[in-house]
Every structure is written in C-alpha cells, then in structure tokens.
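Everything below concerns the one structure shown next.
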Amino acid sequence: MTWIGAIRRAGRIVEPAPSAPSDRMAPPAGVTGSLQLRHVDCGSCNGCEIEIAGAFSAVYDAERFGARLVASPRHADGILATGVVTRNMHDPLLNTLAAVPQPRVVIAVGDCAVDGGVFRDGYGVVGSVADVVPVDVEVPGCPPTPAQIVAALRSVTGR
Amino acid sequence: MSTTAGRGALVSGGSTTAVGAAGLVLGLSSIFGGGVHLRIGWLLPLVGVRFDVDPLGGLLIALTGAVAVVVGVYAVGYARHEHWSVLTLVLLPTFVAAMILVPAAGTVTTFLLCWELMAAASLALVLADHRRAAVRSAGIVYAVMTQLGFVAILVALVVLSAAGGADDFATLATRGGAVASGTRTAVFLLTVIGFGSKAGLLPLHAWLPRAHPEAPSPVSALMSASMVTMGIYGIIRIDLQILGPGPTWWGLTLMAVGAMSAVFGVLQASVATDLKRLLAYSTTENMGLVTVALGAAALLSASGAPTIAAIAITAALVHLVGHAAFKALGFLAAGSVLASSGLRDLDRLGGLVRSMPVTTAMFGISALGASGLPLGAGFVGEWLLLQSLIHAPTQGDPMVALAMPLAVGAVALTTGVGIATMVKAFGVGFLARPRSTQAADAHEMSRGMAVGMGLAAASAAVLAVAPGVLGPVVQRVLAVLPAVGGDTAGPHLGAMLRLPGIPGSMSPGVIAVALVLAVIVAVGLGRWGRSRRPAPADVPLWACGADELSPRMQYTATSYAEPLQRVFDDVLRPDTDIEVSHFAESRYLIAKVTYRNRVEDPIERGLYAPVVRAVGAVAERVRRAHNGSVHLYLAYGALGLLVVLLVVR
Ligand code: SF4
C-alpha cells in the first residue's frame, strides 16, 4: 500500500489558517461559508490563473473557507475576473455576469483587472474590469499571491 | 390536373381502404367463425386456385387488412400531394389484395402465384419514382433478391409437395412428419433462406434498407408492416406447422439467425442518419426478435417444454402485430416529414415539434413502441419473449442451457441499443431547433394523412395498454399450431398477463394508469410549488459567453451515434476521413478541417460485392459471344439444333 504510506509521509501540507481579515462584506447569498464563483479570464496573461490555482490547491485550500469554483455561472454567486477586459471578451464578460443570479459579487483579481496594469494602453483593451462592470472586491498585485487571494475570498465568505 | 390527381388519389386510397377492410373482416371471421374455403378451378390450368383460411392465415390477413385501412386513408392525401402516376395508383390496392391472398392460399401453387403477384406489385411500387437513380438501383437490388428468394421458396415447396404427395397445405400438414429427413432438412434450409430474405433476416436483408427508403412512404409502411411479416408467416406455416416439430438444430438455427439479425439491425439503425433507412433496419431488428421467438418455440417444443414454447410463439405473434402497428405509423410519420420538407436526413431535420406537432406526436408513439419500453406497442411482445427465454427449462439439454442465456443477452442488447436509436430519431429529428431551412419551413400536411396516422396511433396505443384484445385471437391461432405447444393452455392475455408455470405476471393497463396518476401528481405539485415562489425572471440563454446559440451547435444524429459507432467499430466498420488543410504560410495554421463519416453495410460489402463482381465477370465473358453479328447468331441456332438432334436421336 504505497499510496497510504505516501499519504502518511506527506502529512498535512495545508498552510495554517491565518486570522480572518477584518474588512468584510456581507455574503451575497446571505449564507456564510458558501461562495460559488465562476472564473472569467477577460484577457489575462495567465499569471493570475496560476495563482488562483495555487489558492485552490492543497496548500492554500480556499475551499476550507467556503469558496468554490464552479463550471457554470448559473450555479455561481459571483465571478472571479482576471486580466484587462479585451475587446473580444467585453461581451462575453457582460453575458456571463448577466447569467449569474442576483444578488452577486464581482471579484477582480490582479493589477490588470483592478486598473489595467501593464496592458492598460494596449490597442485591443477596453479597460479594467471596473470600467465595464461594478466591482465589489479588488485584489491588487501582479500577480497577487495565493494568500492575498484567499484573504480576499474570506472577506466575502465570512469564515 | 389537380382535380384529376385528387380524384385518382381518392379512388386509389379509397379502394385500398376498402380492400383492407374486407381483409380485416375476412381475417377476423375466419379466426372466430371457422375457416373460409374457396375454389376457383378455371383460374389456373390443371390445378386451379384454392383458398383455405385458417386462424393463422386469418391473423395475417386481418393484420394486413388493418394496415391497409390506415395506409389507404393516408394515401389519399399523400398521393394527391406527390402526383402519383395512374400505374402507382392502381398498383397500391392490387398490392394489398395480393398480400391478403398470400396467407389465404390453401395450396402450394396458389401460394406461389400470390407470392409472385405480391412481389411484382411491390417491385413496381418501389419503382414509382423511377426518375431518380437511387430508386432504380434500389429497384434492381430488390428485384434480384426477391426473385432469388422466390426461387428458393419455389424449389422448397415443390420438393415438399412432391415428397408429401399433395398440393394443399392441409394434407401436407398431416403428412409432414412422414417426409424423409434429408428432404425435410433441405426444405427447411431453403424456406429459411427464401422466407428469411422476405422477412429481412441476415444475411439477405440488404434489399430492405435500400427499397424501404426509396419507395413512397405509404408503400414503405405496407412493405415494412405487412409484407415482411409474410416471410415470418411462411416460416411458421412450412417449418413449424407442416414440417414441425423438427430436430433441435432447427430451433437453434432460427434463434441464431434471429439474434444476429436483431443485433445487427439495431446497430445499423443506431448509426443511420436517414430516417427511413433507420426504420428499415429497425424492421430487420424486430423480425429478428420474432425469429428468435420462433426458434425458441421450436427448440423448447423439441426439448419437451410445450408450455414455455407456447409463450414463445405467443411472443412472436404479439410482437408481429405490435410491430405492424408502430412501424406503419413510423413510416407514415416519416412520409409526412418527407412530403413536407423533402428531407429524410436526420442531420438536417429538427424543430418539427413546433411546425408539425401532430406528426411529431405520432412519431413519438411509434418510437416508444419501437424502443420496447412499457406503454409502447413493442413492449408486451418483448416481455413475453424474455420471459420465455429466461424461464426455459433446460431439461438437461446443454444446447438449451447455452442458447437461452445467449438469446437473453442478444435481446437485451437489442432493446438497449434500440432505445438509444429511437431517442436519436425522435430527439434529433423532431425536437430541438431546425437544422436547415427546409426543416424550418415544414408544415403539417393534409387532414387525410393526419387521420391515417391517428388510426395507426390509436391501434398502437390499444395494443400497448390493453394487449388483452389479442388474447382470443392468439388462442385460436395457437390451436392450429400443435407442433409448438399450441395444444397447451398458453399464456393468459387479459387485463393481467399471466403465464402458465412461470411466476411472472404483468399488466400494461395498470402501468398506464399508474403513469397517468404520477404525471397528474407531478404536474399538480409543480403548479402548487410555483404559486409559492416569486415570479420567474427572464434571462438570456447561457451560451458559454457567446451571444446566441445557433442550430449548428446542436447534437446531430451522427454526433449522437458516434460513441456507439466507436464501441461497435468491429461490427459496423465505419469509413471515416479527416482531412486537414493548412495555410501556405505555416503548417501550424489550419485553414480547413473536413470530416467525412460513412457507415455502409459491412455484410453488403463483404458478402454481396464479391458475388456481384463474379456475376459481372461471367456476364462479361458471355457478352463476348454476343457481338451483334446476325451470321453468328444464325450459326448458334444451327449449332443448337444440331445438338438437340444429336441428343434426342
Ligand atoms: S495582473 Fe499581472 S499576472 Fe495578472 S494578468 Fe495582469 S499581468 Fe498577468
């Protein structure tokens, strides 16, 4: 049973939970500890995606605070937007947000999503996420660390 | 022109219905009121024509009559719309009459005469639209195969009547057991080949998926619902009634042929994209199931289990009738789709539920029957068949112990794939959004066609919910089939189906009532729940972020069947081509991807093509002798005369 041995040798690899962030918002669906998010890549360099994957990995484990990534906006309480909004992704972003039931939350992850970041003046760029849809939570950084992302998610899940 | 066409259609459809109604009355009266006998001495020199209708023939006559009534009503509207020629109009009732005469025939000569009349009439009807090349090629295939089948039947019956020393079936039935075993074997094999080709059994099924789609739809309905059952009738009459009970291997042969036909037919149907071709392969499948039941009956009565054999033969008869109802309906519904949109290709249909709601409902009833689910017309027959196979006592016979589980597996596989096939035909063809402008412009056809389909649907529904109506009929038919357990009590077909000696019973009526109640409760609860929730919001359809869904994004028949096609790759042998063309600048940029997928009949390719090639090669040789020179032909004549003179010297 090598895999049982492997599990035992690895032990707990998850980071100990830091204390909950202080600046909280009310959970959109009214339930603490349950936040279903649809991720929308509006034109990111994929750096932010790697960090989001890290935030949901076994080490940072955002799911223990109640945040989950889901496959369909119909199942979601909000969207997790990364990258500058490019022309091609402008309409899909609006369509996706329209498909999320209200009340909903928009979390902008990374400098690009917050204010355009390094791509701000590019020819194919519409603007930051906040220029297109109202943003509730911003996570600055290029890319933000998984710990920062987890902290931002916890400010919404309330755990 | 249009009034003439209309009058012609009315006369043709009306007389078809009249002939059908007469057949229905004749069939039922001969089942319940004793046999009908008729002798016309002058019609055929030397032997005369003789008709004896017993309950078995009566069942087939009544079945054909019922199908013809429905088809006649439907054909009034259809023939007017399609501007049928006078020949076609005349041949439709003729074909029906010939089909009614086949099971009525009391002697071998009469039978052969009627059989050939039926074959010729159906061939001419298949060729109704002979201007299209596909129709002509289907006609040739059908003509060759039906005549080869006729040759087999002719030889078999002539040998049989010579060996039995009589021409009429009644006398032959009493002497059948005394025929030498070698002759019996030869007759059995020849009749299985001949009648099997008419019933669309493997490997002589190839005419079916060609002729059925190309024939006008009312003709397809007649052919598929009643003409193929004449093949089954022949097998029952000659092999089970006259020659039976045969040795064990007869039953095993029938079961093997039937199981292979069922599985192969349903697999081909599952990947077919042509709606009528799909229905045609489904006919092969269902006739295969009936043949499995016949084989099981023969095997079980040979191994000494007549009660279970009676259940199997009941399964065959019930399924024959059920199949006639749902298959006629299926072809008629496909016919109205074809008449309205000009399409048979499922990949281009869709969305008919909104534009043709009646036809959609009709096809739905037919598909439910074809999938063998409860409340479908095919369910009771398949249930009886499975019961007889599962509960067959082995009596220490290893062949029975081996054959029955294998047959159960084949029937189960057939039913499973059959459900997928019918979900495909109904879901892709009728639901969703139209995949082409023709499908979008489709509209409901004439009232007569709807009435015809409605009649067929009503009988399918009655057969599905109350198969008890067949109870008395089946009982009388069983009484004339003592060789396959007909002299036992037989299963009880009433409101509750009870099987003698088997702890199994079932009531489709109760299932139907329970389903209706469940639907009412579910709808009521849904209404009640909705009244307590806030009003629903209107939001756009989720299309993965894109602006709208297009019909091209839907499942097609091909894509739906792709997993099945992959699983059964070895049997279906699909022909798949993927062509990728790149831009000239870079191999990494793709300009176009072409995907082509064709599933041909592997048996046709593997078995028929070499034969056709060989015949072609021989014909080519023979052709060299025909060079058009009159002198040469005169020389041939002189040579021939010389040979004759030498021989008879
Ligand atoms: S913020 Fe940085 S890492 Fe994230 S998408 Fe923009 S450039 Fe990439």
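Just so you know, these numbers come straight off a predicted model, no measurement behind them. Just so it is clear: chains get the letters A, B, ... in the order the sequence lines come, proteins before strands, and each one is counted from 1.
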Inset, instruction - Inspect the surroundings of OH in B:Tyr588 and state if more than 12 heavy atoms from other residues, nucleotides or ligands are less than 6.0 Å away. - result: no
Inset, instruction - Please say whether more than 12 non-hydrogen atoms of neighbouring residues, nucleotides or ligands are located less than 6.0 Å from CZ in B:Arg573. - result: no
Legend entry - Residues of residues 46-71 of chain A with any heavy atom under 4.5 Å of a heavy atom in chain B: none
Legend entry - Atom pair CH2 (B:Trp542) and CG (A:Asn95), whose distance is rounded to the nearest 0.5 Å: 7.0 Å
Inset, instruction - Pull out the residues in residues 127-137 of chain A that come under 4.5 Å of chain B, heavy atom to heavy atom, sorted by number. - result: none
Inset, instruction - For B:Arg277, check salt bridge (Lys or Arg N to Asp or Glu O under 4.0 Å) against everything at least two apart and list the hits. - result: none
Inset, instruction - Tabulate, in ascending numerical order, the residues of residues 73-91 of chain A having at least one heavy atom closer than 4.5 Å to a heavy atom of chain B, or enter 'none'. - result: A:Pro73, A:Arg74, A:Asp91
